[in-house]
Amino acid sequence: SLLAYPRGNDITKNGEVPLYMRITVDGKRAEFSLKQHVKIDNWDSRAGKVKGNTEVARDINRYITEVKGRLYQIQKDL
């Protein structure tokens, strides 16, 4: 499974937290940074994306979708 989530314990000066992606296969987890930051209040944990319709929110959500797509393609190739 794939999960995008903010890591709340790494708050930056402007109140944002970094986004991470977690891959779980057969109960084993691997995590990596998406190198994106988001305000914790703007994160929708159910949907796994940033709330809102701002350009920044759309860009981050698009990036999350692209990363998931690349990971699914890698899985398909394997």
Side-chain angles (χ1 to χ4, degrees):
S1 67
L2 296 174
L3 173 69
Y5 67 97
R7 186 174 276 177
N9 56 351
D10 299 333
I11 299 173
T12 62
K13 291 179 186 177
N14 56 359
E16 295 183 339
V17 293
L19 287 177
Y20 282 79
M21 179 73 69
R22 177 186 297 157
I23 303 171
T24 306
V25 177
D26 295 331
K28 295 182 183 180
R29 295 179 180 178
E31 298 178 356
F32 59 93
S33 172
L34 291 175
K35 300 199 180 2
Q36 300 287 325
H37 290 81
V38 64
K39 292 192 184 242
I40 196 72
D41 295 337
N42 293 341
W43 183 254
D44 183 355
S45 59
R46 275 197 159 173
K49 62 181 185 177
V50 181
K51 297 177 195 174
N53 197 23
T54 65
E55 186 173 345
V56 173
R58 286 193 308 260
D59 288 343
I60 292 173
N61 290 336
R62 190 176 306 120
Y63 182 71
I64 291 170
T65 303
E66 287 175 12
V67 170
K68 284 183 177 182
R70 282 188 246 153
L71 291 170
Y72 286 130
Q73 185 63 44
I74 290 168
Q75 178 188 25
K76 182 180 171 185
D77 292 344
L78 292 174

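By convention here, the first residue in the shown sequence is residue 1.
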> For the residue pair G48 and A4, what are the closest heavy atoms and their distance?
Replying inline: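 Reported closest heavy-atom pair: O-CB, 4.2 Å.
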
Enter the distance from [X]:[atom1] to [Y]:[atom2] here, rounded to the nearest 0.5 Å.
X	Y	atom1	atom2	answer
R46	K51	CZ	NZ	11.5 Å
I60	L34	CD1	CG	9.5 Å
S1	R29	OG	CZ	8.5 Å
Q75	I23	CD	CD1	9.5 Å

Joint hydrophobic cluster, [X] plus [Y], side-chain heavy atoms closer than 4.5 Å:
X	Y	answer
V38	L3	no
F32	W43	yes
M21	L19	yes

Taking only distance into account, with no hydrogens and no angle test, what donor-acceptor pairs under 3.5 Å do side-chain atoms of residues 61-72 form with protein atoms, sequence neighbours excluded?
from	atom 1	to	atom 2	distance (Å)
N61	OD1	V50	N	2.7
N61	ND2	V50	O	3.0
N61	ND2	A57	O	3.2
R62	NH1	D59	OD1	2.9
T65	OG1	N61	O	2.9

> In terms of heavy-atom contacts, does CG of D77 have more than 12 from other residues, nucleotides or ligands at under 6.0 Å?
Replying inline: yes

>> Among residues at least two apart in sequence or on other chains, which ones pass side-chain contact (heavy atoms from CB on, under 4.5 Å) with T12?
In response: N14, E16, H37

